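What follows is a single structure, written as structure tokens, with notes after it.
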Amino acid sequence: MKIIDLFAGIGGFSLAGHWHGWETASFVEKEPYCQKVLAKNFPGVPIIGDIRNYKPQKHAAEIICGGFPCQPFSSAGKR
């Protein structure tokens, strides 16, 4: 199975997918720090910085997931 991880953050959905033997086809994530984490932990997986620039290919993945902003729930920063 392949997964497209939108608004990926540091790749939690893809990590869980990896544990199930899934492959991440691509990420969409705009935050530079998160992009660095994704590039380190998932080398070779394309990272698109802006959802408006993402042009998915037909049949690129069987699963599409999307994270939501965790700021209201995170204990880091100003919430």
Side-chain angles (χ1 to χ4, degrees):
M1 301 279 282
K2 287 190 177 182
I3 183 172
I4 296 173
D5 198 345
L6 307 176
F7 317 108
I10 58 170
F13 287 129
S14 287
L15 178 60
H18 177 76
W19 293 338
H20 289 282
W22 301 348
E23 176 187 348
T24 302
S26 60
F27 291 108
V28 177
E29 176 54 53
K30 72 175 186 173
E31 293 297 325
Y33 174 78
C34 292
Q35 290 178 357
K36 288 179 186 178
V37 172
L38 292 171
K40 177 184 178 291
N41 292 332
F42 300 91
V45 178
I47 303 169
I48 294 84
D50 189 331
I51 190 71
R52 295 173 291 184
N53 298 328
Y54 183 57
K55 307 289 186 236
Q57 301 297 315
K58 190 172 185 177
H59 305 293
E62 292 82 17
I63 300 168
I64 299 174
C65 67
F68 58 92
C70 63
Q71 292 88 343
F73 307 103
S74 174
S75 61
K78 298 179 183 178
R79 294 190 175 175

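These numbers come from a predicted model, not from an experiment.
Contact check for Tyr54 versus Ser26: side-chain heavy atoms found under the 4.5 Å cut-off.
Take Glu23 and apply the side chain to side chain contact (heavy atoms under 4.5 Å, CB included) test, not counting sequence neighbours, and it matches Lys2.
Of all the heavy atoms in Ala25 and Ala60, the pair that sits closest is CB-O, 3.9 Å. Counting all heavy atoms, side chain and backbone alike, Phe7 lies closest to Gly66 at CD1-CA, 4.4 Å.
Residue Val37 is found in a hydrophobic cluster whose other members, listed by chain and number, are Ile10, Tyr33; membership requires side-chain heavy atoms under 4.5 Å apart, directly or through intermediates. Through chains of ILVMFWY side-chain contacts below 4.5 Å, Ile63 is grouped with Met1, Ile3, Trp22.
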Verdict with reasoning, Leu6 to Ile51, per side chain to side chain contact (heavy atoms under 4.5 Å, CB included): CA-CA 8 Å; Leu6 307 176; Ile51 190 71; 3.9 Å; yes
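Note that CD1 of Ile4 and CZ of Phe27 are 11.5 Å apart. Values are rounded to the nearest 0.5 Å. Rounded to the nearest 0.5 angstrom, Asn41 CG and Ser14 OG are separated by 10.5 Å.
Not a single donor-acceptor pair under 3.5 Å links the side chain of Glu29 to the backbone N or O of Ile47.
Residues Thr24 and Asp5 bring no donor and acceptor atom of their side chains to less than 3.5 Å of each other.
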